[in-house]
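When a residue number appears, it is its place in the shown sequence, counting from 1.
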Amino acid sequence: MEKLNQTRAPIYEALEEFKKMRVVPFDVPGHKRGRGNPELTALLGEACVSMDVNSMKPLDNLCHPISVIKDAEILAAEAFGAAHAFLMVGGTTSAVQSMILSTAKRGEKIILPRNVHRSVMGAMVLCGAVPVYVNPECDTRLGIPLGMSVEAVKKAILENPDAKAVLVNNPTYYGICSDLKAITALAHEHGMLCLADEAHGTHFYFGEHLPISAMAAGADMAAVSMHKSGGSLTQSSLLLTGPAVSEGHVRQIINLTQTTSGSYLLLSSLDISRRNLALRGKESFARVCEMAEYARNEINRIGGYYAYSRELINGDSIFDFDITKLSVNTLDIGLAGIEVYDLLRDDYDIQIEFGDLGNILAYLSIGDRPREIERLVSALSEIRRRFQRSRANLMEQEYIDPVVAVSPQDAFYAEKESLPIGQTAGRVCSEFVMCYPPGIPILAPGERITREILDYIAYAKEKGCSMTGPEDANIERLNVLKAFS
């Protein structure tokens with residue numbers, strides 16, 4: 001098959017042509033190219049608001065693309081090695097949910113690790129699918145969940161031969177990768193699909209010497225956050241599918257929840273970013289890898305911190321490691337990750353991606369420069385000098401095995417009652433509780449609340465983690481099922 005011209009950006013080109021036409025707008029949006037909202041125009045600029053337009057014939061329609069959006073999807077599919085690519089404007093959350101809703105119906109099983117993003121569990125609530133958890137191994141030194149071992153996945157498949165799919169994080173937030181190729185082969189061997197949450201793996205498709213991408217591993221669907229390491233605007237994403245998945249069915253599922261008013265700012269950013277990665281991704285990510293390795297070496301020289309990398313690889317639960325992820329364990333300087341996160345922001349004006357109870361993550365990508373790396377390293381060195389203390393009394397364990405009593409959908413919609421959080425031990429939770437980021441639920445609907453989980457929540461709140469999910473924003477009360485005790 002003849003290769004496509006990856007220098008093209010069909011949506012961007014159509015918008016450029018549209019600008020020249022000087023069309024009089026008697027359609028939405030109501031700001032009419034910014035004239036009706038001067039403050040917004042001053043903030044975003046005329047070029048931006050003039051391209052905030054509605055679907056029309058020259059610009060195609062995201063719900064049923066037949067021209068420029070279709071062309072952009074075809075180019076994206078080739079660039080990512082997929083059979084089809086869908087442009088998503090509801091973030092990777094929307095892509096993940098569409099992936100799961102395309103795969104399983106109410107009562108059907110999906111095999112997955114428990115350390116999934118909240119969007120996965122949200123999809124379970126929406127479609128009524130039942131999770132079969134493969135509890136990941138945990139690194140007790142780092143206090144982080146690892147990948148799924150192939151043997152654990154095989155056991156889950158043999159015990160649940162009726163499951164529809166296996167879902168894999170590729171990679172986890174911390175950069176840990178499972179053996180995706182082996183898990184995909186195992187799923188296919190048993191008539192199941194393999195789905196990949198690649199929110200943090202866009203660069204796998206373009207960089208060298210990085211972990212394998214989902215499409216290269218033969219997975220059937222992958223949700224890819226172009227706005228994270230790919231450089232597109234926040235909230236823009238891709239859903240990739242392999243040849244075994246029906247394009248028409250997936251489009252129907254996407255259209256159940258995705259907006260009918262797709263933002264052309266987001267769509268054009270996906271188009272331009274795909275072109276940028278296709279043309280320059282290899283060099284760009286080689287530079288990112290170089291910066292990350294330099295930063296890792298410098299941070300480890302400070303002492304007390306542990307910026308981990310490929311030395312963790314064990315061939316199974318840590319099959320590979322994404323070296324662009326600058327994950328750093330902070331416990332040996334006597335500070336929780338979230339405390340270092342707060343100090344970097346409040347004292348040094350450095351905003352990193354997240355801090356949890358034992359680690360921080362500085363997210364490096366194509367927009368970073370060496371001077372910012374030096375500033376981060378210098379700030380971490382100073383934090384150690386100024387704030388280092390004994391690590392006694394720091395909680396280390398990050399992952400708590402869940403006890404699933406009810407399916408997420410049944411629990412979420414069941415009759416419930418609100419109780420003070422301290423009185424909920426032994427009850428079944430009907431809502432989510434999570435630190436965000438990373439957005440991995442501590443509790444999900446249908447899981448039994450234990451004293452260990454309550455202690456973890458109290459400790460995370462005390463250390464300053466941003467807790468989200470429950471109806472009670474202060475997380476002083478939890479909704480629990482009435483019928484279960």
Side-chain angles (χ1 to χ4, degrees), residues 91-93 95-97 99-100 110-125 131-140 142-148 152 166-178 195-201 223 225 228 317-318 322 325 327 329 336-338 341 352-361 363 395-404 408 411-412 429 431-450 452-461 463-470 475 478:
T92 309
T93 289
V96 165
Q97 291 178 344
M99 184 165 70
I100 289 171
I110 294 183
I111 295 166
L112 69 163
R114 176 58 178 76
N115 58 320
V116 289
H117 187 261
R118 64 178 296 174
S119 58
V120 175
M121 302 309 297
M124 299 279 182
V125 168
V132 174
Y133 290 131
V134 175
N135 288 326
E137 293 176 27
C138 189
D139 184 302
T140 48
L142 302 177
I144 61 171
L146 306 176
M148 295 190 290
V166 179
L167 184 140
V168 186
N169 293 318
N170 194 48
T172 69
Y173 223 139
Y174 303 93
I176 307 290
C177 295
S178 303
L195 317 178
D197 180 349
E198 283 191 314
H200 301 281
S225 275
K228 289 191 171 75
S317 58
I318 311 174
D322 174 12
K325 297 286 182 295
S327 304
N329 187 264
I338 187 63
Y341 170 99
I352 58 171
E353 178 67 10
F354 82 90
D356 62 23
L357 299 190
N359 303 270
I360 57 171
L361 173 67
Y363 210 100
M395 184 180 280
E396 298 178 23
Q397 185 69 22
E398 285 288 320
Y399 179 73
I400 301 169
D401 287 353
V403 179
V404 181
F412 190 81
C429 192
E431 54 188 352
F432 292 95
V433 182
M434 67 209 85
C435 295
Y436 199 91
I440 296 163
I442 300 164
L443 274 171
E447 294 177 0
R448 198 170 292 281
I449 302 164
T450 63
E452 185 185 14
I453 288 169
L454 293 178
D455 290 345
Y456 182 95
I457 291 170
Y459 182 83
K461 283 174 70 177
K463 288 296 183 186
C465 287
S466 177
M467 308 286 285
T468 66
I475 318 191
L478 280 181

Next item on the list: Check whether any side-chain heavy atom of L478 lies under 4.5 Å from a side-chain heavy atom of L443, and answer yes or no.
Entry: yes
Note to self: Tell me the closest heavy-atom pair linking M121 and P408, and the distance in Å.
What the structure shows: CE-CG, 4.0 Å
Next item on the list: With the side chain counted from C-beta on, respond yes when K461 and I475 share a heavy-atom pair under 4.5 Å apart, and no when they do not.
Entry: yes
Margin query: Restricting to non-hydrogen atoms, name the atom on V116 and the atom on P113 that form the minimum distance, rounded to 0.1 Å.
Written below: CG1-O, 3.1 Å
Margin query: Test your reading of the model: is there a side-chain donor-acceptor pair from N169 to the backbone of N115, 3.5 Å cut-off?
Written below: yes
Notebook entry, point to check: Between CD1 of I176 and CD1 of I144, what distance do you get to the nearest 0.5 Å?
Noted result: 4.5 Å
Check: Quick one: does R118's side chain get under 4.5 Å of T93's, heavy atoms only?
Finding: no
Check: D197 side chain to L167 main-chain N or O, any donor-acceptor pair under 3.5 Å?
Finding: no
Next item on the list: Could you pull out the closest heavy-atom pair between M148 and S178, with the gap in Å?
Entry: N-OG, 2.9 Å
Next item on the list: For S327, check side-chain contact (heavy atoms from CB on, under 4.5 Å) against everything at least two apart and list the hits.
Entry: Y174, Y308, K325, L361
Note to self: To the closest 0.5 Å, what do you measure between CD (Q97) and NE2 (H117)?
What the structure shows: 10.0 Å
Check: Atom CG in D356, atom NZ in K463: separation rounded to 0.5 Å?
Finding: 13.0 Å
Notebook entry, point to check: Sub-3.5 Å donor-acceptor pair from the side chain of S225 to the main-chain atoms of T92, do we have one?
Noted result: no
Notebook entry, point to check: If only atom types and distance count, is the side chain of R114 paired as donor or acceptor with the main-chain N or O of P441 below 3.5 Å?
Noted result: yes
Checklist line | CD1-CD1 distance between I442 and I453, expressed to the nearest 0.5 angstrom | finding: 8.5 Å
Item checked: Atom of V433, atom of M467 and distance for their closest heavy-atom approach -> CG1-CE, 4.0 Å
Item checked: CD1-CD distance between I457 and E452, expressed to the nearest 0.5 angstrom -> 11.0 Å
Check: When rounded to the nearest 0.5 angstrom, what distance separates CG in D139 from OG in S317?
Finding: 9.0 Å
Check: Do P470 and F432 come within less than 4.5 Å of each other through their side chains, counting heavy atoms only?
Finding: no
Checklist line | Where P145 and P136 come nearest, the two heavy atoms and their spacing | finding: CB-CG, 3.9 Å
Next item on the list: Could you pull out the closest heavy-atom pair between A460 and L357, with the gap in Å?
Entry: CA-CD2, 3.9 Å
Checklist line | Residue list, ring pair (Phe, Tyr, Trp, His ring centres under 6.0 Å) with Y363, at least two apart or on another chain | finding: H200
Next item on the list: Please examine the side chains of P402 and N135, heavy atoms only from C-beta on, and report whether any two atoms are closer than 4.5 Å.
Entry: yes
Margin query: Counting C-beta onward and ignoring hydrogens, is there a side-chain heavy-atom pair between F354 and I360 closer than 4.5 Å?
Written below: no
